[in-house]
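Everything numeric in this text was worked out from a predicted model, so none of it was measured.
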Amino acid sequence: APRNVYRRTKNTAIFTMSGTLDHVGAPVLMVAYLGEPFVRLYDLPSFSSRGALIPAPETSTMSMLLTPDGKGHMMILGDRHGKMRIFGWQVAL
């Protein structure tokens, strides 16, 4: 049976969320909170912060796709004005 593994205690409404994988295949949660001009990233299952995708105002839809070479993942965000933003993982040197 499902069990609660995390509870957010802040009073910020979630507008949309989706999942993706980072550059090594680890799961990451993407969350757009109502009124924030960016999308927050969280490690799963720890929910520790991975930073934010900036700029990403009024994000209303999110998706993850493979890169054309099939070796990475792209995060695709869309807003209510029809603007699309594409982000990819950058490997730290």
Chemist: Could you tell me which residues satisfy side-chain contact (heavy atoms from CB on, under 4.5 Å) with Ser49, sequence neighbours excluded, listed by chain and number?
Modeler: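 Once residues adjacent in sequence are excluded, Ser49 has no partner under the side-chain contact (heavy atoms from CB on, under 4.5 Å) criterion.
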
Chemist: Looking at side-chain heavy atoms only, is the closest gap between Met30 and Met75 below 4.5 Å?
Modeler: yes

Chemist: What's the shortest heavy-atom distance between Ala32 and Val39, and which atoms?
Modeler: CB-CG2, 4.2 Å

Chemist: Is there a path of hydrophobic side-chain contacts, each under 4.5 Å between heavy atoms, that joins Met84 and Met74?
Modeler: yes

Chemist: Tyr33 vs Tyr42 aromatic rings, parallel, tilted or perpendicular, using cut-offs 30° and 60°?
Modeler: perpendicular

Chemist: Could you grab the distance from atom CZ of Phe87 to atom CG of Leu41, nearest 0.5 Å is fine?
Modeler: 9.0 Å

Chemist: State, yes or no, whether a side-chain contact exists between Ile76 and Leu65 at a heavy-atom distance under 4.5 Å.
Modeler: yes

Chemist: Taking C-beta and beyond as the side chain, do Met17 and Leu29 meet within less than 4.5 Å on heavy atoms?
Modeler: yes

Chemist: May I ask you to decide if Leu21's main-chain N or O and Trp89's side chain share a donor-acceptor pair within less than 3.5 Å?
Modeler: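 It does hold such a pair.
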
Chemist: Give the cluster check for Val31 versus Leu53: same hydrophobic cluster or not, with ILVMFWY residues linked at side-chain heavy-atom distances below 4.5 Å.
Modeler: no

Chemist: So how far is it from Arg80 CZ to Thr61 OG1, rounded to the nearest 0.5 Å?
Modeler: 15.0 Å

Chemist: Where is the tightest heavy-atom contact between His73 and Asp22, given as atom of each residue plus distance?
Modeler: ND1-O, 3.9 Å

Chemist: Mind checking what makes side chain to side chain donor-acceptor pair (under 3.5 Å) contact with Thr67, not counting sequence neighbours?
Modeler: Asp69

Chemist: Are Phe47 and Phe15 connected in the hydrophobic side-chain network, where two residues link if heavy atoms are under 4.5 Å apart?
Modeler: no

Chemist: Evaluate side-chain contact (heavy atoms from CB on, under 4.5 Å) for Leu77 paired with Lys83, printing each intermediate quantity in order.
Modeler: CA-CA 8 Å; Leu77 311 178; Lys83 188 169 188 176; over 6 Å; no

Chemist: If you take all heavy atoms of Pro55 and Pro57, which pair is closest and at what distance?
Modeler: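 Shortest heavy-atom separation between Pro55 and Pro57 comes out as C-CD, 3.6 Å.
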
Chemist: Measuring from Thr59:OG1 to Arg40:CZ, what's the distance to the nearest 0.5 Å?
Modeler: 12.5 Å

